[in-house]
Every structure is written in structure tokens, then in C-alpha cells.
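Just so it is clear, the values below take in all heavy atoms, side chains as well, and ignore hydrogens, waters and symmetry mates. Chain identifiers are assigned alphabetically (A, B, ...) following the order of the sequence lines, protein sequences preceding nucleic acid strands; residue numbering begins at 1 within each chain.
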Number of protein chains: 2
Amino acid sequence: MAALDLFGRRWSLRILWELRAGPLGFRPLQKRCDDMSSSVMRQRLTELLDARVIHQLPDSRYELTPLGQEARHALNPLARWAEHWAATIDPHLADRTDDRSAGGAPHADTVGEGSPEGKP
Amino acid sequence: MAALDLFGRRWSLRILWELRAGPLGFRPLQKRCDDMSSSVMRQRLTELLDARVIHQLPDSRYELTPLGQEARHALNPLARWAEHWAATIDPHLADRTDDRSAGGAPHADTVGEGSPEGKP
DNA sequence: TCCTTCGCTTCGATTACCGAAGCGGTCGTC
DNA sequence: GACGACCGCTTCGGTAATCGAAGCGAAGGA
């Protein structure tokens, strides 16, 4: 349950995901994460460090711990589902021209685009 | 990637997880989610509805769609990892008094919740 | 009728998040 | 040695997300 809280925070899953290929420094990692805020990034990093999911190399790069590797692998089915999901709902989105119901199509329809709703 | 945005929001993973056993009404679901805010819950529900992950029964209860079921199954390895993770870091927590953030299960309480992951 | 529960909404007050700027440090180049 | 160009990381003001409590109309049970 605590894991749902840890990973329920913004960018934490993404950070875990972006470290899958190997260790990354602060700024390279930041760039990979859609240029997320450095302050939030530091927050997530300390949280993940504290959770023993990542650790810091002598050259100060971040790397998945064995525990983190397992988490990343555990994330694989979800990633696979995401593809299936995107393939399923994207056609729907392309179809809807007159549909404004359901509170207005919040979620991002494309990769990396995160401007759900709440347009003041 | 868009999935990381959808599930990166607070409570969305939790809602998905709590619906695993079957359909639930608004308030029962709310109670199961650590009594989360009803306003945010409505937000998440519409997002998940819009994402075709859940749908509403004639009696207005919420249920996972087939797509949602797959997502829930894709979440299983992560849940299994969470147990392993909790077992690994909980002993560490006994030592530290500075348990800010992740490791200490901020408000989602501890993992020991009767039968954590086993089938109820 | 009274009382409870339901799905759901509204609203003020925290909190999380963003974005840009900045600091001290290392490295390569002139 | 002075100059950039990066680096890890921090601080800060503004904006968006989240909370918590209250409330509404409807559907039941006693």
C-alpha cells in the first residue's frame, strides 16, 4: 500500500522508468523526464533514495539498486498494457468531434503531453 | 508514457487497485481509499472513465472494464514487489526517526492490513 | 415521519508542483 | 589564468492539485 503512495506521486514512476537503461546524472535525468522541475526532481530522488530503490554512485550519478531493478521489471507489464491502452483509446479520441461530455477529455492523448484539464 | 501521467496522479492507482475485487459505489470506494477527498475522487473517476479503464453500472457503481482488468493484472507484479520491498525496508525504519516521505508510509498507513495481497 | 445512506457538488484552506534564477564546483580551451 | 560550458543542487514566487468539511436531492428502512 505504501508503494502506491510512493509511486502515486508525480514523476516517481517516470524516474524509475528512465533509469532502466543505466545510471544517469541529475541534469541528464532531468532532461529525460520531459525537463521536469529540478526542485521536484530533488524531492523524488531523496524519496527514492530513502526507499532504497535508487542509490548514488561515487561520481554522483543515480542508479537503480537491485531492489529498484526488480521494481522496474515489475513495471514492465504495466508498460505493455499502456501500449495496448493507447492503441485502444487513441482511435476513440480521433473519432470524437462532437463529444464534450464526461467533464472534457482530461488526460493526455499523446506521449509526453501533460496538460490535462483545469484551464482557468 | 501517457499512462505514467494518468497513473502518476494521486489515488488513481489506488482506485484501480481497490476495484479489483468487484464493483463498488462512490462512498464505499471512498472509504476503502483511506477516506480520500470526495472532490478529488470524482476527478479521478471521470479521468478513469474517460480513459475507458472503468465504467459505471446501471446501479451507478463503478467497475473495471476489460481494459481495466488488464491494467489491474499488469499491476500485480508491482504489488508483489511492494511486499518484498516492505519486508526489506521496514526493519530499516525501526532505526530511523527521520522517516519523512516514502519509506514511512506517510498517510497510506503501513502494509500490514490483514491480508496484504493474498486473495480475500 | 424520521433517520440513514447514497452519489455527487461546492468552497475555502493547505499542499504539491512548476519555472526560472542562482551558487559553488569541475573540466576543457584559449 | 580567465573564460565558457557544463554539473549537482538550492531557493523562491506563482500556479495548479489536493484536502476537508459541509451541503443537496433522491432512495430506502424503521
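B:Arg61 and B:Glu63 are not joined by a salt bridge, as no carboxylate oxygen comes within less than 4.0 angstrom of a charged side-chain nitrogen.
A:Ile15 has its CD1 atom 13 Å from the C1' atom of C:dC17, to the nearest Å. A straight line from CG of A:Leu29 to P of D:dC6 spans 18 Å, rounded to a whole angstrom. Rounded to an integer number of Å, the gap from B:Met36 CE to C:dT15 P is 18 Å. One interatomic measurement links the two molecules: CZ of B:Arg32 to P of C:dG7, which rounds to 14 Å at whole-angstrom precision. The distance from atom CZ of B:Arg10 to atom C1' of C:dT14 is 11 Å, rounded to the nearest whole Å. Look at CE on B:Met41: it is 17 Å from P on C:dT10, rounded to the nearest Å. Computed from coordinates, the B:Arg9 CZ to D:dA16 P distance equals 13 Å when rounded to whole Å. One can place CD of A:Gln43 at 15 Å from C1' of C:dG19, the figure rounded to the nearest angstrom.
With a 4.5 Å cut-off on side-chain heavy atoms, A:Leu57 and A:Tyr62 do not count as touching.
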Just do the salt bridge (Lys or Arg N to Asp or Glu O under 4.0 Å) check on A:Glu70 and A:Arg72 with the steps written out, would you?
CA-CA 5 Å; A:Glu70 296 171 25; A:Arg72 173 244 176 283; over 6 Å; no
May I have the step-by-step check of side chain to side chain contact (heavy atoms under 4.5 Å, CB included) for A:Ser38 and A:Gln30, ending in yes or no?
CA-CA 7 Å; A:Ser38 53; A:Gln30 185 184 9; 3.6 Å; yes
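Minimum heavy-atom separation, A:Leu64 to A:Arg20: CD1-CA, 4.2 Å.
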N/O-N/O pairs, protein side and nucleotides 7-14 of chain D side, under 3.5 Å:
from   : atom 1 : to      : atom 2 : distance (Å)
D:dC7  : N4     : A:Arg27 : NH1    : 3.2
D:dG8  : OP1    : A:Phe26 : N      : 2.5
D:dG8  : OP2    : A:Phe26 : N      : 3.2
D:dG8  : OP2    : A:Arg27 : N      : 2.5
D:dG8  : O6     : A:Arg27 : NH2    : 3.2
D:dC9  : OP1    : A:Gln56 : NE2    : 3.1
D:dC9  : OP2    : A:Tyr62 : OH     : 2.3
D:dC9  : N4     : A:Arg27 : NH2    : 3.0
D:dT10 : OP2    : A:Arg42 : NE     : 2.7
D:dT10 : O4     : A:Ser38 : OG     : 2.7

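A close approach under 4.0 Å does occur between a side-chain nitrogen or oxygen of A:Trp11 and OP1 or OP2 of C:dC18.
A:Trp85 has its ring centre no less than 6.0 Å from the ring centre of B:Phe7.
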